[in-house]
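For reference, positions follow the sequence shown, starting with 1.
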Amino acid sequence: MSADASHSPIVPGSEANHSRLVLWLITLVAVGLSLFQLYSAGIQPLGLFYQRSIHLSLVMMLAFLMFPLFGPKRSRGVIGGIIDMAFFFGAVFTGGYLAWNLDAIFNRAGFWTQTDIMAGIVATVTVLEASRRAVGLGMTIIGIIAILYAFAGPRGELPWLGEWLPGILQHRGYNLDRVVGQLYLGQEGIFGLPMGVAATYIFIFVLFGAFLEITGAGKFFIDLAYAATGRQRGGPAKAAVIASAGMGSISGSAIANVVTTGAFTIPLMKKLGYKPHQAGGIEAAASTGGQIMPPLMGAGAFLIAEYTRVPYLEIVKVSILPAIMYFGTVYLFVHIIALKEGMQGMAKEELPQMSDVLKSGWHFLLPLAVLVWLLVMNMSPMRVGFYAIVCMLLVAILRFAVWFFFVAPKEGQPVNGERLGTACRNGLLKLVEGLELGARNAVAVSMACAVAGIIVGIVGLTGLGLKFSAMMMAFSGGHLLLALVMVLLASLVLGMGLPVTAAYIVLIVLVGPGLSNEFGVPLIIAHLVVFWYSQDSNVTPPIALAGFAGAAIAGAKPMATSFQAWKFAKGLYLVPLFMVYNPEIIIGGPVYILVWKAITGILALAAFAAVLEGYLFDRIPIWQRVLLLPAIIGVFTPSLVYDVAGAAVMLLIIVANWWQTRAKASTA
């Protein structure tokens, strides 16, 4: 993680002029949070509620210390200080009450006491306020709307509000006790899956990124990447796409992929010139693609093979081309942005030599090798992060010992107790700096996940996800394209409350038979479409967990990063459409048709990226962008006439744009 990214807040507010006492408290809480995470990751794993409640409590304490009530440009004042202190103790109470009374709460099994409900109200209000400060008002408003929706109904606290809801959105309504119990006292609310993600491997890998910086490994990897890709436009970003394709299939989780490869690639992209939210978005989109990349596809290949009774190797084989099309789209977005922003490769003499870089810092490759090896060994990502951090610290200590006892004396710096004591103190300060830095950088993403948990809890309570899944198929009216759009929307809603694998299973049970029996979509394609669409909650706001993870590492706003990830991951939506309307690329056919469909599909995705960015080799005029849209649609249709016409139009515009660039260059 680069120095500027590491020390800058994710959102405005943490650079307020804090008093010395507040600065000490920030350091104390941040270091305590990081040590707690390291302890639970590598020494003594904790139960679900203990881990998540303590994590959230410490994160909110840190948020209220870092982000004053009235913003960074105004002092806290007496009123602000009192309110901040009240919320600070509300954060302590939120996690403390649940952890202290966990057994009693479980024994009550839904028969909550009034104290339980009051604790839940305090927790919900505290989470929303901490989110407002750390993430922004938008996420908080979404959380409030979700809560109001739960109250809207004949049996709810706000029956009049239910009358304004369309028929499809109406439900029975729930009272205060039921909603608070769902959000605070169960596993589907604040302490649900999103918070579980934040409290485990997102945090541990953000901490790993912080230690990369303070040990000097960050500079080594930057130099290494520049030596390898510095002469190319957008080289580090392209490396991120390729690395995520390889790592994502192994990791089994888009978020784990983000925090694994993103710790290295995102700082490189930022240094090259990509904006922080662009860098985080590119990594999130590429990492999500790892889940559709053979051979493992995040364990999805095994599930699809089991459901369809198609051999596993066949699933892997037919998934290769769609995965290449997806990553080709992300890769092209990266290249177009580099061209659009005028990013130039560096001259050879300005770049570090690969041999020199490896000679001076080869030992920093050891933590990365350990990380990859442990992931391949199927170890928990949280435990992998712990060992990667330990390995990083050991390498730093070894590096210092070699320099201090062997290199320094040769340079005229003799070994003595005073110099050793000073070096140890500096090392301890660096360790504290890394622990604090990791905790600071995790505040925004953890708070975003806490509010995402509120939304998830309401979706589960009201049955909104299943209701959408069932009704959207009926609303399609027999039109396949509309049905696919409905499946996409249903997968997004389900993805808010379920892991990717679970969302795929639920959705394929609900809509799989309809796609195959009513619309004639081949069984394997129906499963691939649903599986691909089940990934979209990783990159689609407001619940974009991969985007949130990328934002934490990039030092960017979570929602802005998520929107970038959503844009770069457009292949996630378009490639399934191409599979449905051009089944030859999956179920097979004559070789010449397969080759033709592959070429035109990649061409259409490239044109789509160019339309979105308004740029290819040079800026594309509006009329050409408008003309490209029907050409892209023509390629996606099964008609050979439209296919050929669309491909011809796209080729003509691409050649014209290239010729325009050459003409400008010759007259310059």
Side-chain angles (χ1 to χ4, degrees), residues 10-11 13 29 33 48-69 83-99 105 112 116-151 176-199 202-203 439 442-461 496-497 542-543 545 548 551-552 557-559:
I10 292 177
V11 294
V29 174
L33 172 58
L48 180 151
F49 275 103
Y50 287 113
Q51 173 74 30
R52 299 178 187 183
S53 63
I54 296 173
H55 171 85
L56 179 61
S57 183
L58 290 169
V59 164
M60 289 197 298
M61 291 163 61
L62 195 55
F64 291 122
L65 290 171
M66 290 170 56
F67 303 95
L69 176 66
I83 295 175
D84 286 350
M85 186 179 298
F87 275 112
F88 181 88
F89 285 109
V92 176
F93 178 74
T94 293
Y97 180 84
L98 195 63
I105 290 173
W112 318 122
D116 293 339
I117 301 304
M118 287 304 300
I121 293 173
V122 170
T124 304
V125 172
T126 306
V127 164
L128 290 172
E129 173 59 13
S131 170
R132 183 192 68 81
R133 300 187 189 198
V135 182
L137 188 59
M139 193 77 181
T140 304
I141 291 176
I142 293 173
I144 293 172
I145 291 174
I147 294 172
L148 292 176
Y149 175 69
F151 288 144
L176 181 65
D177 289 7
R178 185 70 179 88
V179 172
V180 170
Q182 175 81 357
L183 297 184
Y184 180 66
L185 301 167
Q187 298 184 33
E188 297 180 0
I190 293 171
F191 301 110
L193 175 69
M195 179 50 58
V197 170
I202 282 185
F203 187 98
V443 169
V445 67
S446 290
M447 292 316 308
C449 287
V451 179
I454 291 177
I455 300 169
V456 166
I458 299 304
V459 168
L461 178 65
M496 293 180 182
I543 315 296
L545 298 185
F548 293 166
K557 293 182 179 179
M559 293 304 290

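- Here the closest non-hydrogen pair linking V127 and M447 is O-CE, 3.6 Å.
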Let me check something: any side-chain donor-acceptor pairs from residues 185-195 under 3.5 Å, sequence neighbours excluded? List them with distances.
unit_1	atom_1	unit_2	atom_2	d
E188	OE1	Q182	NE2	3.0

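- In this structure, the side chains of L128 and I147 come closer than 4.5 Å at one or more pairs of heavy atoms.
- Annotation for L545 and C449: closest pair CD2-SG, 3.9 Å, computed over non-hydrogen atoms.
- The number of heavy-atom neighbours closer than 6.0 Å to CZ of F93, taken from other residues, nucleotides and ligands shown, is above 12.
- Nearest heavy atom pair, residue V135 against residue P558, reads CG1-CG, 4.3 Å.
- The side chain to side chain contact (heavy atoms under 4.5 Å, CB included) with S131 is formed by just one residue from the set V451, I454, I141, T126; it is V451.
- Separation of atoms CZ (F49) and CD1 (I54) is listed at 13.0 Å; rounding is to 0.5 Å.
- In this structure, OG in S446 is found 11.0 Å from CZ in F548, a value given to the nearest 0.5 Å.
- Atoms CE and CZ, from M61 and F87 in turn, are 15.5 Å apart once rounded to the nearest 0.5 Å.
- Side chains of Y184 and D116 form no contact here, defined as non-hydrogen atoms less than 4.5 Å apart.
- Note that CD1 of I121 and CG of L183 are 11.0 Å apart. Values are rounded to the nearest 0.5 Å.
- With a 4.5 Å cut-off on side-chain heavy atoms, M60 and V443 do not count as touching.
- In this structure the side chain of R133 never reaches within 4.5 angstrom of the side chain of T140, judged on heavy atoms.
- With S57 contributing its side chain and S53 its backbone, the two residues share no donor-acceptor pair below 3.5 Å.
- A distance of 5.0 Å separates CD1 in I83 from CG in L69, rounded to the nearest 0.5 Å.
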Report the C-alpha separation of F203 and L33 in whole Å, then their side-chain angles, then the decisive distance to 0.1 Å, and conclude whether the side-chain contact (heavy atoms from CB on, under 4.5 Å) test is met. CA-CA 10 Å; F203 187 98; L33 172 58; 3.6 Å; yes

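- Considering CG of L58 and OG1 of T94, their distance stands at 11.5 Å, rounded to 0.5 Å.
- For the residue pair L461 and A150, the shortest heavy atom distance occurs at CD2-CB, 4.4 Å.
- Taking the ring-ring contact (aromatic ring centres under 6.0 Å, His included) definition, one finds that F151 meets it with nothing, sequence neighbours left out.
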